[in-house]
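Just so you know, these numbers come straight off a predicted model, no measurement behind them.
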Amino acid sequence: MATIGAVHFLILAAAMFCLGLYCLMGRRNAIGLLMGIELIVNAANINFATFAHYRGGEVDGYIFSLFGIVLAAIGVTIALAIVFALYRNFNKNIEVDEVSILRG
Amino acid sequence: MTTEFPLLTIIPLAPLIGAAYNALAGYKMQKRFGHAAVHYPAIIMPAISFLITLMAFFKLLSLPANERVLIATLWDWMPIGFLDAQFSFVMDQLTLVMCSVVTFVGTLIHIYSVGYMHEEPSYWRFFSYLNLFMFSMLVLVLGDNFVVMFVGWEGVGLCSYLLISFWYHEKKNAVAGMKAFVVNRVGDFGFVIGLMLLFWGMQGEWVDGKFADIEGSNLSTASEITHEMAAAKVASVTFRHVAERFENKEFKERFLNRKVFGISLITLIGIFLFVGAMGKSAQIPLYVWLPDAMAGPTPVSALIHAATMVTAGVYMVARLHFIFALDPFLMSWVTFVGALTALFAASIGFFQYDIKKVLAYSTVSQLGFMFIAVGVGAYWVGIFHLMTHAFFKACLFLGSGSVIMGCHHEQDMRKMGGLKKYMPITATTYLVACWAIAGFPFAAGFYSKDEILWKAFSSGNLLFPGGGIFIWVMGAVAALGTAFYMYRSYYMTFTGEYRGGGGHHEDHHADHGHYGHAHTPHESPNNMTYVLAILGFLSVVGGFLGLPHLWHLPNLLHHWLEPVFEGSVNYITAAHFPHIMEWILMGLSVFLATAGWLVARWLYLDNKNPLPAKILASKNQLVRKVHDVVSNKYYVDELYDATIIKGVMQFRLLCDWCDRKIVDALVNLVGTVGKVVGFFHGRVDSGVVDGAVNGTGWMVVSGGAILSLIQNGKIRSYIYITVVAMFGLILINYIKF
């Protein structure tokens, strides 16, 4: 009976990362992009937790993943505020392809 | 040896104060208080100088004969290496004679000018110049060394220029002033060269003791002169010190043997110094300025161009007797130039009609006599003649001024005549002065001129044998001429009928104005006639200072001046003639003077003799030629015009050509080169430099335009690019490593 080891967790994280990246590349909706970013960050957190667990003894990995969660929350908070601003200023539209006025 | 006498400073200072007063305040004072505010200070200042000179005389008398040197040092002037010229004044017997003449005659002429310049608008300017002249002349004669003397020397030249061109509104006068100044410049140049040669020649030799043979130790530059040497202060350019150096036999030998370009240095020094004297004292060939200088006011002619300034050259030669006496050639040269000038100028005097021109040529001639005297080593006689000449020539000039004023600014003797009736005092004093200058017994000119001729006759110091007698003949003929033309001027002016006043008198000085408008001549005011009377008196009495030794009477002047000239006594050799010879010569010169007088009387008395007019009208070629040549002053002015002035003018054209063709061409060439370089530079600038700058800008702009294409603001495209790049990097990493 196969036991669940570090590799499985890492594959999971990689899959989550790829899904997040695909989400970023494929979606136009700002909320969708946020979700993709969330997936990528959490993939990184899983990696932290995995290595922390399998190296054993020390807690620095867990702390890093906690930081990651906090950072993601902050990012989402600010990003949602921006999305809200977009929604109000761009004719109730949150399609990011339409919002390109900051281009060079 | 010397005695401090600080009062000496006042002698030149007083006239300087007078000059400054009139120059600064004269115009205002004249306007507010009239002429008196101008002329009283101007007369008092020279009078103060005269009084101090008298004090100095008594001070000198109280000293032993060979220690009669008063000195007043003002400040250290230029202590440079060996040259240590102090600004100091010195008064010895020679200076005293000069000072007395200058201050006494000068003061009298100031008084005379009050009357003569009465109507002159710029009265103050005249007196300011006159005082300035007194200052310069006194600095000249009082100067303790060459440098101070040179200051006075240049100062009198300047004042002469200012006063000759006093009426500068007329071009003629301005030109005459300029001529005097330029001719004097030639002489001054010679003087400066002489001084420099002397200083150079004595270089290192000024110092006694351990530095005495500096020449041998190759000390050639001033920088090698150490401080101790300079501090020793034995070096100076003072007359006394130089004379003392020459008393050292060894030094003198060495100095006499020095040669420059094969010419003896002492000869060169003397010749150049004498060129200075020639310019100042109007000797051949630099005499041409003096007759023209008569363009100035008559008191100026009397003071500067007869009594004082023109004798500066004689004074200089007498003062530097220790140099001139060293070289027989120099002495002969001075004598010969003097004799030639005396004769030459006397002959020009024959046919002059301008009364002042006659006197001018007579001055040149008398200066020639003075140079004969100093040339044969009879320095005291030269100074004696200088003094007597100052009296009688000032009297003559002032008399002529009185005549000119009486005749309403008429100077032509042909339009005078018969003035004895109208101006008795002037006529008498003029006659007395003529008596003196012609050399009749018992007048001043008799003693001095006779002594000169005798000294020349008995001189053994000339280069060729019999030279003294030759000089004597020239001098005697000149004396004969002098008697003739002086009496001619007297008879033409004062006897016969008055020929002027026919309503055709010319206005010589438009801005000078007339003294009254009556057409009959009139006697001059008292202040003028008194001066004439004093000078006339002195023209007779002045000669008693130097009575001939022959008469066994005390010769005061000779005795007085003897210590000054004793240094060069050894060089003067004189042939010995019996006393009877001197008596004969004396008789001969009296005879010649009488002959000149009688001829003049026969030809010109009362304007009755028709002979002069007949001679002038004669068609005889020989007579005409002689008359033309002499009355045109031997065409010397024309000769100078044709040679020197024309030469200078041609040189000016050459310079002009050089300036236009060469200098301008060079300037233009430089300009053209600059233009061409500028053109290319402009091309390079606009092409390469600007191109580089613009290219950089263009690159940045176009690069930005290209790069901004990827900055399209679409997040997904950024992500695509990131991912693609990531894969690319991974691929590269995989392939390479």
Side-chain angles (χ1 to χ4, degrees), chain A residues 10-11 13-44 46-47 68 71-72 74-104, chain B residues 668-737:
Chain A
L10 292 179
I11 289 171
M16 268 177 78
F17 178 82
C18 288
L19 287 172
L21 196 62
Y22 178 73
C23 179
L24 275 179
M25 290 161 75
R27 296 230 167 225
R28 290 183 194 155
N29 191 307
I31 304 292
L33 291 183
L34 276 179
M35 288 174 172
I37 290 170
E38 213 50 39
L39 281 174
I40 289 171
V41 172
N42 282 318
I46 288 170
N47 268 5
L71 280 174
I74 294 166
V76 166
T77 315
I78 295 168
L80 276 175
I82 293 171
V83 169
F84 195 63
L86 284 180
Y87 179 77
R88 283 201 305 196
N89 289 317
F90 284 88
N91 203 13
K92 301 186 176 173
N93 184 10
I94 51 170
E95 295 289 309
V96 285
D97 281 5
E98 307 297 321
V99 187
S100 61
I101 57 163
L102 283 179
R103 73 177 182 276
Chain B
N668 286 343
L669 181 69
V670 171
T672 314
V673 168
K675 235 170 93 178
V676 170
V677 169
F679 177 76
F680 282 109
H681 190 83
R683 276 299 162 87
V684 169
D685 194 40
S686 63
V688 178
V689 180
D690 284 8
V693 174
N694 288 340
T696 310
W698 178 82
M699 263 163 58
V700 171
V701 169
S702 53
I706 292 167
L707 287 176
S708 74
L709 289 180
I710 54 172
Q711 191 78 12
N712 57 6
K714 292 184 176 144
I715 285 176
R716 288 187 304 127
S717 68
Y718 300 163
I719 293 168
Y720 280 123
I721 290 167
T722 312
V723 171
V724 168
M726 191 177 74
F727 278 111
L729 284 175
I730 288 167
L731 269 175
I732 289 168
N733 194 36
Y734 177 73
I735 290 166
K736 276 199 91 174
F737 306 103

Given A:L39 and A:L21, is the side chain to side chain contact (heavy atoms under 4.5 Å, CB included) satisfied, shown in steps?
CA-CA 8 Å; A:L39 281 174; A:L21 196 62; over 6 Å; no
Considering only distance and modelled atom types, tabulate donor-acceptor pairs under 3.5 Å from the side chains of residues 683-700 of chain B, sequence neighbours left out.
from, atom 1, to, atom 2, distance (Å)
B:S686, OG, B:G682, O, 3.2
B:S686, OG, B:R683, O, 3.2
B:N694, ND2, B:D690, O, 3.4
B:T696, OG1, B:A692, O, 2.7

After noting the C-alpha distance and the side-chain angles of A:L71 and A:V41, does the key distance pass the side chain to side chain contact (heavy atoms under 4.5 Å, CB included) rule?
CA-CA 9 Å; A:L71 280 174; A:V41 172; over 6 Å; no
From A:M35 CE over to A:L19 CG, what is the distance, rounded to the nearest 0.5 angstrom?
13.5 Å
Which residues in residues 84-94 of chain A have a heavy atom less than 4.5 Å from any heavy atom of chain B?
none
Please find the pair of heavy atoms, one from A:C23 and one from A:G32, that lie closest to each other, and give the distance.
SG-O, 3.2 Å
More than 12 heavy atoms of other residues, nucleotides or ligands under 6.0 Å from CZ of A:R27: is that the case?
no
